[in-house]
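Each chain gets a letter, A, B and so on, in the order the sequences are listed, and its residues count up from 1. Computed from heavy atoms alone, side chains included, the values below leave out hydrogens, waters and symmetry copies.
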Amino acid sequence: MERFFYCLVLCYGGLSSMSVEVELEESVGYTPIQRMRHSAAHVMAEAVQEIFPDARFGIGPAIEDGFYYDFELPRALTPDDLPDIEKRMARIVAGKYPFVRDRWPREKALEYFRDKGQVYKVELIENLPDAEVGIFQQHNFLDLCRGPHVANTGEIGPFKLMRVAGAYWRGDENRPMLQRLYGTAWFTKEELEQYLWRLEEAQKRDHRKLGRELKLFVLSEDLPAGVPMFLPRGETLRHQMESYVRETQERYGYQHVWTAHLGKVRLYKTSKHWFTYRENMFPVMQGEQETSEDDAYVLKPMNCPHHITLYKSQMHSYRELPVRYAEFATLYRYEKAGTLTGLARVRSLTQDDAHVFLRPDQIQEEFDRAFNLTLEVFNTYGLEDYWIALSLRDPQKKEDYVGSDEVWEKAENALRAAVDAKGVEYKAVIGEAAFYGPKVDFMVRDALGREWQCSTIQLDFVQPENFGLEYIAEDGQAHRPIIIHRAVTGSTERFMALIIEHFAGAFPVWLSPVQAMVIPIADRHIEYAYTVMETLKAAGVRVEVDTRSERMNAKVRDAQMQKIPYMLVVGDREAAENAVAVRLRTNENLGATPLDSFVERITDIIKTKSRDL
RNA sequence: GCCGAUGUAGCUCAGUGGUAGAGCAGCGGUUUUGUAAACCGCCGGUCGUCGGUUCGAGUCCGACCAUCGGCUCCA
């Protein structure tokens, strides 16, 4: 659930109608660089207007690292158009035209833009509350704009147009698609170059590229889009990741269950998913004989109904609550073709899902438990670049949510208390709660700056109703439990994408598919190399021997490029002394080390999940 | 799904209507090597798929599939 929050947070200076509310809420002014970038957007708009006098203009805000402007044009822009637009922009910048601010009465502005056929501007003005609207003009371009701008176009720093993309007007897929031109702008040439360099570096750690280079996973045209397959090394990685979460959550009191990949329509009708989520579910076939819709099979898109069915199959006393069912389950969801991205967004995903069935008085404790678990896991991975969203109900729109005020208040307070107690930073987001309850989401950024939701902890008052869940309380009566849905790493696939990029493929030893490569210098050392391998294998180390008829240099290079943590070079000296010459992938050379000491070192590092070598 | 771009050997890429190329990888041979690429040779492609235009299509057109950059929604 990536949310492009930077749009909300950083677009406040644009012409977006939504920026009105955002400005009130965020109430952050333009920083100088944002002001300059927003001005660059205006200059870009003028350049486009020169080429297409009939262009219609959308909005052109500053965003993180740059700016964009949305246009409706008589033809599609291609990357070949960018140099021309850049050249025209450069001319306008060189002209040092002042940005002239004005204020027009609404009616005058409406008339002006209507007359020009600027339907998007008209719509924006119609949504503005004030009697007067802001107008900015530079050179030959006049625009509806709140500003502020730099004094003149000459103050716009080094810029570069990055790409052209489609974007629905106001992000609504029922509205026209405009052409969005993205650019970046900086105060100095050095900053621009550094930014472009950073982008290149980020691309080097793109998990799709590393996945191919490190032989982790494969996307084949012979399989549906978004259905990755994992090679031995990738499977090893995901297995390690899953085992780790599995062990950890068992320590936290979760029990694992197993449910298959098929469900029946009726199950999802009971859970109500069928009515809102149907288009995301893969149909399979009708049930045997029976042709009613209810008995048709579908691929499992989520675990909750299955875990709930398990809960319901047994009687439950208040004493045994909370019941915590966890499962690593591969789910199938039909995601729109254009949204698929490597492992970060797939159609077959493996959730490390759990459903906790609990009494109302256990909410805070259970939230805390899930929260601690997640933080512990993040800590092990050394993840720091994430933020936490506390998604709350919009009190203005209570009708959009299910559950009483009292329960919501209790749940939200419990959640907030749990987050506050952790001393971590979080952002409360009003109106982002699920309809069935408030939630906490962990948002992580990938190498290219895209945000993805990984972990989530959600309170649910609705499914217990849908399924008529019960437990027998102290009073001997049946009471309704509450459910917490939580996922620690979210989906194995997405988290793997994150981990690959986070470590740039140089995984901590415990995660590395191959932890050590034994490199015999000449053929006569192969036998000893195998001895070394067997010793390490016996100690539980994933180790291989490079027996190819290559020079040692080539073997070192290949192991290095595969980011294998330890290269164990063995020659005459090592064989004689029962030693290995340890080279780290950091290029550090530890020299000859007794095999015993190395075994001790590597097993200790694996056991402690240390990120050191 | 929508807008745009891309698709040539396992990988990275060249090839603008006239006989499909390179490097790396792979395979074979020689070399037996001390910390990031030894040398020689060979194999390898219905140019994403299907259809169309043309005397002739990797090249032009269309549809589909997939990938990439965005938009929307979701883990």
Between the protein and nucleotides 1-4 of chain B, which nitrogen or oxygen pairs are less than 3.5 angstrom apart?
| from | atom 1 | to | atom 2 | distance (Å) |
| --- | --- | --- | --- | --- |
| B:G1 | OP2 | A:Y334 | OH | 2.8 |
| B:G1 | N7 | A:G338 | N | 3.3 |
| B:G1 | N2 | A:Y168 | OH | 2.4 |
| B:C2 | O4' | A:Y168 | OH | 3.2 |
| B:C3 | O2 | A:G166 | N | 3.1 |

Could you list all N or O pairs between the protein and nucleotides 38-45 of chain B that sit under 3.5 Å apart?
| from | atom 1 | to | atom 2 | distance (Å) |
| --- | --- | --- | --- | --- |
| B:A38 | OP2 | A:R551 | NH1 | 3.2 |
| B:A38 | O5' | A:R551 | NH1 | 3.1 |

Could you go over nucleotides 10-12 of chain B and give all protein N or O partners under 3.5 Å, atom names and distances?
| from | atom 1 | to | atom 2 | distance (Å) |
| --- | --- | --- | --- | --- |
| B:U12 | OP1 | A:R212 | NH2 | 3.2 |

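Of the residues in residues 273-280 of chain A, those lying under 4.0 Å from RNA chain B by heavy-atom distance are A:Y277. Of the residues in residues 196-205 of chain A, not one comes within less than 4.0 Å of RNA chain B through any heavy atom.
As rounded to the nearest Å, B:A37 and B:C43 have P atoms that lie 28 Å from one another.
Judged by Watson-Crick or G-U wobble contacts below 3.5 Å, the nucleotide B:A36 has no partner. Using the Watson-Crick or G-U wobble rule with both distances under 3.5 Å, B:U67 pairs with B:A5.
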Salt bridge (Lys or Arg N to Asp or Glu O under 4.0 Å) between A:R324 and A:E366, worked out: CA-CA 10 Å; A:R324 307 184 189 95; A:E366 275 311 298; 2.8 Å; yes
What donor-acceptor contacts under 3.5 angstrom involve side-chain atoms of residues 216-228 of chain A, with partners at least two apart or in another chain?
| from | atom 1 | to | atom 2 | distance (Å) |
| --- | --- | --- | --- | --- |
| A:S220 | OG | A:D222 | N | 2.9 |

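A donor-acceptor contact under 3.5 angstrom links the side chains of A:K300 and A:T259, judged on distance only. No donor-acceptor contact under 3.5 angstrom links the side chains of A:Y381 and A:H502, judged on distance only. When only modelled atom types and interatomic distance are considered, A:W169 and A:E72 share no side-chain donor-acceptor pair under 3.5 Å.
A salt bridge is defined here as a Lys NZ or Arg NE, NH1 or NH2 lying under 4.0 Å from an Asp or Glu carboxylate O, and A:R524 with A:D572 meets this definition. Between A:E544 and A:R233, at least one side-chain N (NZ, or NE/NH1/NH2) sits under 4.0 Å from a carboxylate O, which counts as a salt bridge.
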